[in-house]
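Have a look at the structure below before the remarks.
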Amino acid sequence: MNWRETLNRMGLWLALAVGAPAAVAGDWFERFKQEATDEALHRFLYAMPKGGDLHLHLTGSAFPEWLHEIALAEAAQGVAYYVKTRIDNCAVDVSQADAYLMLHRTLDQRRYEALSECERGEYQALGALDAEARAAWMNSVRLEAPHEGRDEFFERHWQRLGDLLRNPHVVAEMLYRNMRAFADEGVAYIEPQVPVFGFLDRAGAPLAPEGVLAVYRQRMAQADAQATGVTVRMQLSALRFHPQAEQTLRRVYRLASEHADVVAVNLVGREDHDRGHPLRFLDTFRDLRRTHPGVRLSIHAGESARPDSHVRDTLLLGADRIGHGLNLIQDAQTLLDLRHGPHLVEINLISNLLLGYVDGFDAHPFPEYLRIGVPVALSTDDRGMWDSTLTDEFFVAVREYNLTWAELRALGRNSLAFSFLDEATKSRLLADYERRMDRFAADFKRRGTASLDQVQPLRRGFVCRHYGLCEGEDSKEGTLHGNG
């Protein structure tokens, strides 16, 4: 059965399920869905104006070819990187065995030169990798193979990036590249979770969090970043299962209270790690609120297949938004409480599939939340590691759940209305979003698919692999056609 036949069958079932009339033949978007190929649907959604992405981890949101280009550019600033490409069974401390056996770890020149002669022989300069070795390094931080899953992601990807993530200029350039690519997709606002701890300047000296934030701001203030037109506000995070998580939370909370462009605090990390349960932090949050006003919370919760009370407990922490909220479906009372707001659930369809929290998109609760009135918005999570885009999230949502034009507009509207922007900026972006959507719809209704003739969508590896969207096209290290 092709996807248009599936939509035909789903349309009647959904209409009955939500008590709405079946799609009217004269509805332009319904007609387009019925007739469109996957390629045409993806092109339409790439061109469609979008609101914001409220849930993206900055260091997981850079595509591997960006990382390669950024790292090579740093060599001109005196910071060279080396990649582990083989294992020669050098003598190492047994307590470091797991790290030693990990291929494709990236070290800066200072740490590389501190290795034994044997270990240095296991590494190659990043810029000297041949095409095969370069592709292997890039694939090592993509979740593209069927056997990979959450253990590979949580326990290997970040560790392989290694010293790249200790250089604030590398991370600042990741932020700019994201701004540029999101602008190409018609995104107006992003709210990335940015790291601020453990950084070194280019001379190798420790850099305080305020210095890291200054590097980010300097990059965003440059003309090319400003030209994207994308508005950025930052979140700061604490790793929830770390033994010193409370201390980190206190530090990021104070920073958020002191900097207007840091608009929220988050708790991140594996939620199936019991040391990170929400109520561990209840007393800390209550203590911080005594002396630090105005700090907003968007906290990961419910990213688990097993039932628990973590979404409800996270609301008790004071969260305004819930990241993932996947197992909210198993907590009936909290689900009822969240209908019609004021809290939003940040939905990450591709992330939940690739990390194995759902067996397939037909098992995802997103359409249930959407259609019973729980405020939701689509977001990308770690899109560089999924090899996907925000357009791909919308493509999955329309293709798998038969979204209407009204639902598409509501998702974009929610991503701005539930942002942590100041009210004046929020009102401006919301009004601009509505105007852009009106113009886009009017143009498409007038000219049909001819209005998309000049659109060159970015189609990345996820939609190519999962939907066969790029068959017969030439690929280049995971990136296919696009403006980004």
Side-chain angles (χ1 to χ4, degrees), residues 45-63 66 171 174-195 216 220 225 228-237 261-264 266 268 296 298-300 303 320-325 344-352 354 366 370 375-398 403 408-421 425-426 429-430 432-433 436-437 457-458 460 462-463 482-484:
L45 293 170
Y46 184 82
M48 182 187 74
K50 300 169 188 68
D53 190 332
L54 301 180
H55 186 122
L56 66 155
H57 301 267
L58 180 57
T59 50
S61 297
F63 299 119
W66 293 358
V171 179
M174 293 180 190
L175 179 53
Y176 161 66
R177 296 288 187 106
N178 269 286
M179 292 171 68
R180 190 175 72 186
F182 274 117
D184 287 340
E185 288 189 80
V187 176
Y189 175 67
I190 59 173
E191 203 171 283
Q193 297 161 44
V194 303
Y216 298 158
M220 287 189 287
T228 66
V230 175
T231 300
V232 180
R233 299 292 185 270
M234 296 177 283
Q235 295 186 21
L236 301 181
S237 303
D261 55 355
V262 178
V263 294
N266 214 316
V268 302
R296 309 292 295 275
S298 175
I299 298 179
H300 289 57
E303 190 183 16
D320 294 298
R321 300 199 316 248
I322 296 294
H324 295 287
L344 176 118
V345 179
E346 302 156 356
I347 298 293
N348 303 282
L349 297 168
I350 294 170
S351 172
N352 295 154
L354 293 184
F366 161 68
L370 174 70
V376 289
L378 297 176
S379 46
T380 58
D381 203 15
D382 294 283
R383 73 197 195 113
M385 295 177 177
W386 317 146
D387 207 8
S388 64
T389 66
L390 188 57
T391 296
D392 297 344
E393 298 286 341
F394 278 96
F395 176 79
V396 169
V398 174
L403 298 194
L408 280 174
R409 290 193 73 143
L411 289 170
R413 189 180 302 116
N414 285 348
S415 68
L416 296 171
F418 288 85
S419 72
F420 294 142
L421 284 163
T425 306
K426 182 185 296 187
L429 291 183
L430 277 166
D432 183 62
Y433 170 75
R436 290 189 296 139
M437 287 292 271
L458 183 69
R460 302 231 29 126
F462 174 79
V463 291
N483 306 317

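Take Arg177 and apply the salt bridge (charged side-chain N to carboxylate O under 4.0 Å, His left out) test, not counting sequence neighbours, and it matches Glu69, Glu173. Gln235 pairs by the side-chain hydrogen bond (donor to acceptor under 3.5 Å, both in side chains) definition with Glu191, Asn266, not counting sequence neighbours. Annotation: side-chain hydrogen bond (donor to acceptor under 3.5 Å, both in side chains) contacts of Ser237 (sequence neighbours excluded): none.
The line from CZ of Arg460 to CZ of Phe63 is 4.5 Å long, rounded to the nearest 0.5 Å. The distance from the OG1 atom of Thr59 to the CG atom of Leu175 is 11.5 Å, given to the nearest 0.5 Å. Between the CD atom in Glu393 and the CG atom in Asp381 there is a gap of 8.5 Å [rounded to 0.5 Å]. To the nearest 0.5 angstrom, Ser351 atom OG is 12.0 Å from Leu56 atom CG. Note that CD of Glu346 and CD of Glu303 are 11.5 Å apart. Values are rounded to the nearest 0.5 Å. To the nearest 0.5 Å, the span separating CG on Asp432 from CE on Met437 amounts to 12.0 Å.
For the pair Phe394 and Met48, the minimum side-chain heavy-atom distance is below 4.5 Å. Residues Leu370 and Leu411 meet the side-chain proximity criterion, which asks for heavy atoms closer than 4.5 Å. Residues Val171 and Pro195 have side chains in contact (heavy-atom distance under 4.5 Å, counting atoms from C-beta outward). Contact check for Leu378 versus Ser415: no side-chain heavy atoms found under the 4.5 Å cut-off. A heavy-atom distance below 4.5 Å is not found between the side chains of Trp66 and Ser61.
Arg383 and Glu185 are joined by a salt bridge, as a carboxylate oxygen and a charged side-chain nitrogen come within less than 4.0 angstrom of each other.
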Practice task
May I have the step-by-step check of side chain to side chain donor-acceptor pair (under 3.5 Å) for Thr380 and Asp53, ending in yes or no?
Solution key: CA-CA 7 Å; Thr380 58; Asp53 190 332; 2.6 Å; yes
Handout entry: Chi angles and distances behind the side-chain contact (heavy atoms from CB on, under 4.5 Å) call for Leu458, Thr391
Key = CA-CA 9 Å; Leu458 183 69; Thr391 296; over 6 Å; no
Handout entry: Stepwise salt bridge (charged side-chain N to carboxylate O under 4.0 Å, His left out) test for Asp184 and Arg180
Key = CA-CA 6 Å; Asp184 287 340; Arg180 190 175 72 186; 5.6 Å; no
Exercise for the section: Start with the C-alpha gap between Leu354 and Phe462, add the side-chain angles, then the distance that decides, and say whether side-chain contact (heavy atoms from CB on, under 4.5 Å) holds. Expected result: CA-CA 10 Å; Leu354 293 184; Phe462 174 79; 4.1 Å; yes
Practice task
Would you please test Tyr189 and Leu54 for side-chain contact (heavy atoms from CB on, under 4.5 Å) and show each step?
Solution key: CA-CA 8 Å; Tyr189 175 67; Leu54 301 180; 3.8 Å; yes
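Nearest heavy atom pair, residue Ser388 against residue Ile350, reads CB-CD1, 3.8 Å. Between Leu421 and Lys426 the shortest heavy-atom distance is O-CE, 3.9 Å. Taking both residues in full, the closest heavy atoms of Phe366 and Leu403 are given as CE2-CD2, 4.3 Å, listed atom of the first, atom of the second, then distance. Across Asp320 and Arg296, no two heavy atoms sit closer than the pair OD2-NE, 2.9 Å. For Leu58 against Val194, the heavy-atom pair with the smallest separation is CD2-CG1, 3.8 Å. Smallest separation of non-hydrogen atoms from Tyr433 and Pro49: CE1-O, 3.9 Å.
Figure legend: cation-pi geometry between Arg321 and Phe418 absent, as NZ or CZ is not positioned both under 6.0 Å from the six-membered ring centre and within 45° of its axis.
Between the Arg436 side chain and the Lys50 main chain, a donor and an acceptor come within less than 3.5 Å of each other.
Taking the six-membered ring where the residue is Trp, His300 and His55 present tilted rings, their angle falling between 30° and 60°.
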